[in-house]
J.: 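Please find one structure pasted underneath; my questions will follow.
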2 protein chains.
Amino acid sequence: MNTRQLIDLAQQLRVDSVRASAAAGSGHPTSSMSAADLMAVLMARHLRYDFERPHHPGNDRFVLSKGHASPLLYAAYKAAGAINETELLTFRKLGSRLEGHPTPQRLPWVETATGSLGQGLPVGVGIALAGKRLDHTGYRVWVLCGDSELAEGSIWEAAEHAGYEHLDNLITIIDVNRLGQRGPTRHGHDLDAYARRFQAFGWHTVEIDGHDVDAIDRAYAEAESTAGQPTAIIARTLKGKGVASVQDREGLHGKPLPDADEAIAELGGVHDRRVEVPSPPAARMLHAVRSGHLDLPRYELGDKAATRDAYGQALAALGTARGDIVVLDGEVSDSTRAEFFAKEHPDRFFECYIAEQQLVATAVGMAARGWVPYASTFAAFLTRAYDFVRMAAISGSGINLVGSHAGVSIGQDGPSQMGLEDLAMFRAMHGATVLYPCDANQTAKLVGTMAGLEGIRYLRTSRGDTPVIYSPTEEFPVGGSKVLRASGKDRLTLVAAGVTVHEALAAAESLDREGIRARVIDLYSVKPVDRTTLREAAEDTGCLITVEDHREEGGIGDAVLDAFLDGRPVPRLVRLAVRTMPGSATPAEQLHAAGIDAESIAAAARLLVEMAIVP
Amino acid sequence: MNTRQLIDLAQQLRVDSVRASAAAGSGHPTSSMSAADLMAVLMARHLRYDFERPHHPGNDRFVLSKGHASPLLYAAYKAAGAINETELLTFRKLGSRLEGHPTPQRLPWVETATGSLGQGLPVGVGIALAGKRLDHTGYRVWVLCGDSELAEGSIWEAAEHAGYEHLDNLITIIDVNRLGQRGPTRHGHDLDAYARRFQAFGWHTVEIDGHDVDAIDRAYAEAESTAGQPTAIIARTLKGKGVASVQDREGLHGKPLPDADEAIAELGGVHDRRVEVPSPPAARMLHAVRSGHLDLPRYELGDKAATRDAYGQALAALGTARGDIVVLDGEVSDSTRAEFFAKEHPDRFFECYIAEQQLVATAVGMAARGWVPYASTFAAFLTRAYDFVRMAAISGSGINLVGSHAGVSIGQDGPSQMGLEDLAMFRAMHGATVLYPCDANQTAKLVGTMAGLEGIRYLRTSRGDTPVIYSPTEEFPVGGSKVLRASGKDRLTLVAAGVTVHEALAAAESLDREGIRARVIDLYSVKPVDRTTLREAAEDTGCLITVEDHREEGGIGDAVLDAFLDGRPVPRLVRLAVRTMPGSATPAEQLHAAGIDAESIAAAARLLVEMAIVP
């Protein structure tokens with residue numbers, strides 16, 4: 001395509017953005033129009049992509065970080081022949097693949113769901129890292145960002161990570177259209193302000209007029225030939241470019257154009273030009289599956305081991321069995337024990353430093369490329385990445401997240417280091433699996449199982465040693481539980497998971513001596529829960545006491561209810577959980593102060609008997 | 001103090017850090033030792049602080065962003081005479097004020113809880129902004145950061161905010177000791193790497209040897225005299241400085257020294273030198289309470305209005321009534337309607353741009369200075385700041401957070417913009433209040449009530465118009481609910497909040513026509529819940545159907561259980577919530593697809609009658 005044709009293509013992308021938004025009655029045409037020239041040149045001259053084979057390993061990857069500019073993306077798909085005219089005009093309608101913000105769940109050419117700003121670049125860094133250090137198929141990652149989203153700290157976590165890793169296969173295009181949602185951005189059209197920031201983080205930068213197709217073409221070529229550092233192309237643009245009534249004006253964010261027909265005429269009318277996006281060279285996926293034989297660590301019954309240790313050891317074994325396992329950690333691998341994997345498989349270990357958003361984003365990016373990532377940090381610090389987990393769920397991303405140091409039982413470090421809301425946070429996540437093992441063999445088995453699940457999988461590990469109570473041959477299906485004590489005379493049921501399983505067992509033993517028989521269930525699968533076993537316990541004993549090293553809301557106490565939501569009778573429920581703000585103390589003192597140790601559990605059970613709530 | 005005395009003081013801080021950690025058997029002495037000189041010079045020469053009057057409005061504010069270096073802080077408190085020898089040695093013990101990471105809940109001189117890295121500077125920016133634009137009492141804010149935590153994006157949100165706001169009352173000291181938890185940081189002792197980054201964000205920087213007390217003194221003086229920009233003092237230090245066996249060595253993070261006695265001898269032995277921290281000049285708090293008469297907006301019964309509109313209007317009225325109300329927004333004030341406040345009270349409105357972590361941190365900082373902040377963005381995007389909310393709860397911070405665009409009922413924008421996990425997230429937060437109004441008058445009243453509560457208060461608002469069903473004179477106590485339909489013949493109870501209240505009312509009406517009487521409860525207070533009313537409904541009707549525009553876990557369906565956790569009989573429970581991943585569609589289509597519209601509710605009730613679950 002020559003300059004004239006590029007300009008025409010850009011105008012068509014604008015027209016189609018206006019048309020799609022007009023048909024929908026909502027959407028972001030003005031934010032699409034600013035980036036139309038940037039997109040046209042990319043499609044026609046630089047992107048290497050086979051729309052028929054979106055999983056082609058050599059394909060470049062494009063991420064629309066400013067996801068609200070979806071009309072532009074869909075207009076480009078139409079120009080490339082990937083979707084047709086009719087589909088374009090289904091934008092934002094019930095059942096359409098063309099959602100308000102693009103998602104890979106619906107469209108095969110979308111790498112990751114965007115729409116929460118500041119996430120496309122971090123995920124793009126994850127993909128680029130996979131390209132450099134894992135795939136080696138030579139693809140480039142192109143990320144189109146808005147200027148507003150550069151206020152998100154996650155952008156600078158990503159910039160730091162990409163600069164440090166010398167990701168010269170990553171090219172970020174910044175559409176500096178000066179206007180955010182409610183008014184001007186902090187830096188307006190001061191391109192230097194953005195360039196200084198990216199340069200400081202080790203990037204090459206190019207500043208251009210984002211409406212000059214030749215300048216764009218040169219900038220892309222410069223980025224492609226830049227070695228050893230990622231490039232940020234900082235493009236001065238006008239929001240609503242091409243239509244005088246909206247161009248560079250405030251108050252027109254996220255609205256269809258006031259007069260679509262007039263705008264279309266001003267932009268040169270409706271056309272159906274096609275762009276030939278060049279295909280990538282032949283390439284082959286490299287993540288070979290190895291032997292397939294998983295030789296998990298085995299722990300002796302009666303020994304003691306921390307579930308975090310079992311996590312690290314199982315992970316290392318999993319890495320030996322499977323070549324597609326990658327591990328990421330947030331600069332605490334000596335605590336999470338991800339270091340065991342790092343030592344055995346350094347080529348598939350990724351240090352993400354103290355940047356939990358980028359930690360999760362890197363996992364999402366690698367999962368998009370077919371790798372199976374495990375990302376770990378303290379459970380408490382995964383709260384930092386909740387929005388990234390949320391968007392990963394929208395992407396349908398298959399990632400394993402592992403939070404260590406769960407609960408008050410970590411001891412002296414105090415509440416800032418205690419994961420106390422993590423079960424609530426992950427339970428509420430669509431399609432997530434939430435696992436919370438209590439012993440080392442169980443942990444090892446679950447680490448292996450996780451790899452084969454769909455969606456977000458969360459594993460919660462503990463800091464201190466706990467007794468090994470399961471044999472290495474025991475199986476732990478997702479959605480299952482283990483009945484650890486049961487008799488025909490059980491008067492109540494203790495439902496626990498993780499550290500509280502051991503407290504519940506001790507409590508049951510002491511209650512037994514007083515003639516109060518208690519069933520004990522290890523609810524290692526917090527989501528989904530084992531409905532059958534919980535219902536049986538409800539029928540047999542009539543009362544469940546849940547015990548958890550977690551806040552009282554959203555955790556195990558709420559999870560058991562999932563078994564009784566079909567209108568059937570609900571057993572009596574008593575909940576023991578962390579109700580106060582802990583300070584520093586030993587693990588045993590913490591469990592006691594929170595009222596979730598064996599003594600507190602037994603006391604609660606006795607009280608229920610005294611009150612005749614339990615027969 | 002002269003140079004010799006400063007050096008001696010620094011050595012004492014090291015010795016006391018070693019002693020406290022040795023007594024505790026845990027803690028971070030090496031991370032304390034690297035910053036001892038920086039701390040000694042600050043205390044002796046630059047900080048203006050009255051330890052007897054921590055709330056003195058003229059006091060400088062000190063934030064230990066690297067909260068794990070708490071031994072250093074407590075050693076400094078001892079040197080200042082604020083705590084004694086005996087208390088120092090209670091470090092990390094049950095009941096001690098000296099927790100593993102400092103919290104203002106226990107110690108009056110701590111501004112904000114730290115321990116989750118990358119949060120101290122953002123909160124410091126909030127305090128400095130209060131100093132500049134609200135308090136005007138001339139205090140400085142000193143923040144001591146670690147180098148590892150500069151990987152957190154939140155640091156760069158803070159840097160951007162401070163640079164843009166020209167916060168020359170903010171001085172950040174970076175203790176570049178080269179070593180993180182599990183090994184070297186990305187940039188080691190490359191001070192320039194950090195300087196370039198801060199400069200790019202508009203900061204003045206000074207690079208020094210962090211163990212040269214005279215250089216430190218000069219750097220602080222330079223920072224104090226710098227106008228128009230914040231200063232970052234980037235100090236080269238050695239972790240474990242002063243004790244050869246640990247100095248600048250890996251693998252010694254977060255551990256007491258191997259031989260404390262030997263280390264203390266090497267550091268010059270135990271001393272009890274006192275430092276006279278100069279008091280601040282006289283100053284007066286400026287946030288005068290105005291008339292006190294709150295003239296809330298009033299909406300006519302039967303009219304329609306969005307709860308987000310009522311939020312904005314009530315907030316503007318609250319700002320007129322009270323001079324201590326401040327409002328912050330994440331560049332979406334036209335959507336959240338915080339703009340109504342901004343227009344009337346521009347001096348107390350703070351644009352935080354698209355940086356939700358800094359949004360919450362600014363609120364925490366301002367609350368620490370006695371202001372009453374309301375911070376709003378889309379409910380979905382508050383997930384971005386969950387770790388900040390968590391730490392705010394640990395601080396006991398009194399902040400109001402308002403999430404708009406809750407649920408699938410926002411319509412076409414799709415899942416990335418839908419707050420679907422926010423109730424779960426805030427319910428799990430210790431001491432939080434969670435409110436979810438369904439009409440404009442209720443919203444207005446709750447906005448007023450929130451200001452007087454303790455801890456984290458969350459209000460969930462909706463995008464679309466809903467009918468006004470309450471009179472402007474109705475009261476809505478926290479922990480209450482409203483029974484909107486009731487009769488002696490109710491066969492089941494519909495529990496709803498927000499948009500689903502109106503769906504439940506319509507469903508009840510249609511069921512009524514079929515002879516099925518349903519009670520309807522508006523559960524506007526999701527935490528705490530109205531136990532009395534829910535128990536009454538359970539006794540009267542035996543079955544509760546919860547209906548919520550939220551994920552099925554952690555929201556209203558789980559919240560009702562809070563009324564039945566004392567061992568009493570639990571009613572039958574059926575939960576209608578968002579179970580699938582929504583796409584784009586109209587609000588009505590979304591509610592229907594999620595199975596939470598009137599039709600779906602009525603169908604569920606009918607099914608329960610058919611199944612004879614409901615009599």
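Quick note: numbers below take in every heavy atom, side chains included, and nothing from hydrogens, waters or symmetry partners. Not measured: the values here are computed from a predicted model. To find a chain, count down the sequence lines: A is the first, B the second, and so on, and within it residues start at 1.
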J.: Could you check B/Arg186, B/Gln181, B/Arg182 and say which one makes a side-chain hydrogen bond (donor to acceptor under 3.5 Å, both in side chains) with A/Glu331?
T.: B/Arg182

J.: Is B/Arg427 salt-bridged to A/Asp558, cutoff N-O under 4.0 Å?
T.: yes

J.: Just how far is it from atom CG of A/Leu576 to atom CG of B/Leu565, taken to the nearest 0.5 Å?
T.: 10.0 Å

J.: Roughly how far, to the nearest 0.5 Å, is CD of A/Glu356 from CG of B/Asp387?
T.: 7.0 Å

J.: Can you tell me how far apart OG (B/Ser148) and OH (A/Tyr353) are? Round to the nearest 0.5 Å.
T.: 9.5 Å

J.: Given a strict heavy-atom distance threshold of 4.5 Å, which part of A/Phe388 is in contact with chain B: side chain, backbone, both, or neither?
T.: side chain

J.: For each of A/Val578, A/Leu607, A/Val332, A/Ile545, tally heavy-atom pairs with chain B at distances under 4.5 Å, and name the one with the top tally.
T.: A/Val332

J.: Identify which of B/Ala355, B/Cys543, B/Gly567 forms the greatest number of heavy-atom pairs closer than 4.5 Å to chain A.
T.: B/Gly567

J.: Please classify the contact between A/His253 and chain B as side chain, backbone, both or neither, with a heavy-atom cut-off of under 4.5 Å.
T.: neither

J.: For A/Ala380, which atoms come within 4.5 Å of any heavy atom of chain B: side chain, backbone, both, or neither?
T.: both

J.: Out of A/Glu149, A/Met611, A/Gln357, A/Met425, which one racks up the most heavy-atom pairs below 4.5 Å with chain B?
T.: A/Gln357

J.: B/Arg568 side chain to A/Leu573 main-chain N or O, any donor-acceptor pair under 3.5 Å?
T.: no

J.: Which residues pass the salt bridge (charged side-chain N to carboxylate O under 4.0 Å, His left out) test with A/Arg196, not counting sequence neighbours?
T.: none

J.: May I ask you to name which of B/Ala428, B/Gly25, B/Pro571, B/Ala593 has the most heavy-atom pairs under 4.5 Å with chain A?
T.: B/Ala428

J.: About how many Å separate CG of B/Leu420 and CD1 of A/Ile394, when rounded to the nearest 0.5 Å?
T.: 8.0 Å

J.: Name the region of A/Met581, side chain, backbone, both or neither, that has any atom closer than 4.5 Å to a heavy atom of chain B.
T.: both

J.: So what's closer than 4.5 Å to chain B heavy atoms on A/Asp562: side chain, backbone, both or neither?
T.: side chain

J.: What part of A/Arg197 gets closer than 4.5 Å to chain B, counting heavy atoms only: side chain, backbone, both or neither?
T.: both

J.: Which residue out of B/Arg97, B/His187, B/Gln590 racks up the most heavy-atom pairs below 4.5 Å with chain A?
T.: B/His187

J.: Top residue by heavy-atom pair count (under 4.5 Å) with chain A, among B/Gln417, B/Lys93, B/Arg579?
T.: B/Gln417

J.: What part of A/Phe201 is in contact with chain B, defined as an atom under 4.5 angstrom from a non-hydrogen atom: side chain, backbone, both or neither?
T.: both

J.: Mind checking the CG-CH2 spacing from B/Leu150 to A/Trp156? Nearest 0.5 Å is all I need.
T.: 15.0 Å

J.: With a 4.5 angstrom heavy-atom cut-off, which part of A/Leu561 approaches chain B: side chain, backbone, both or neither?
T.: side chain

J.: Without swapping roles, check the side chain of B/Glu421 against the backbone of A/Met429 for a donor-acceptor pair under 3.5 Å.
T.: no

J.: Which atoms of A/Pro184 are under 4.5 Å from chain B, going by heavy atoms: the side chain, the backbone, both sets, or neither?
T.: backbone

J.: Under a 4.5 Å cutoff for heavy-atom pairs, which residue among B/Val574, B/Asp413, B/Ile613, B/Thr114 has the most contacts with chain A?
T.: B/Asp413

J.: Does A/Glu160 reach the main-chain N or O of B/Ala151 with its side chain, forming a donor-acceptor pair under 3.5 Å?
T.: no

J.: Based on non-hydrogen pairs under 4.5 Å, which of B/Glu339, B/Glu152, B/Glu157 is most in contact with chain A?
T.: B/Glu152

J.: Okay, side chain of A/Glu553, backbone of B/Gly554: is any donor-acceptor separation there less than 3.5 Å?
T.: no

J.: Which bit of A/Thr586 comes within less than 4.5 Å of chain B, counting heavy atoms only: side chain, backbone, both or neither?
T.: neither

J.: Would you call B/Asp566-A/Arg575 a salt bridge at under 4.0 Å N-O?
T.: no

J.: Please report the interatomic distance OG(B/Ser416) to CE(A/Met391), rounded to the nearest 0.5 Å.
T.: 5.0 Å

J.: Of all of A/Arg106, A/His550, A/His430, which one pairs up most often with chain B through heavy atoms under 4.5 Å apart?
T.: A/His430

J.: Cationic tip of A/Arg384 within the cone over B/Tyr386's six-membered ring, i.e. under 6.0 Å and within 45° of the normal?
T.: no

J.: Flag the one option from A/Glu552, A/Gln199, A/Glu351 with the top tally of heavy-atom pairs under 4.5 Å to chain B.
T.: A/Glu351

J.: Could you look at A/Ser96 and say if it's the side chain, the backbone, both or neither that has a heavy atom under 4.5 Å from chain B?
T.: neither

J.: Please check this pair: side chain of A/Gln412 against backbone of B/Arg92, looking for a donor-acceptor N/O pair closer than 3.5 Å.
T.: no

J.: Return the option, out of A/Gly100, A/Ser584, A/Gly180, A/Gly431, with the maximum number of heavy-atom pairs under 4.5 Å with chain B.
T.: A/Ser584

J.: Give, as side chain, backbone, both or neither, the part of A/Glu99 having an atom under 4.5 angstrom from any heavy atom of chain B.
T.: both

J.: Do you know which of A/Ser116, A/Ala424, A/Gly414 has the most heavy-atom pairs under 4.5 Å to chain B?
T.: A/Ser116

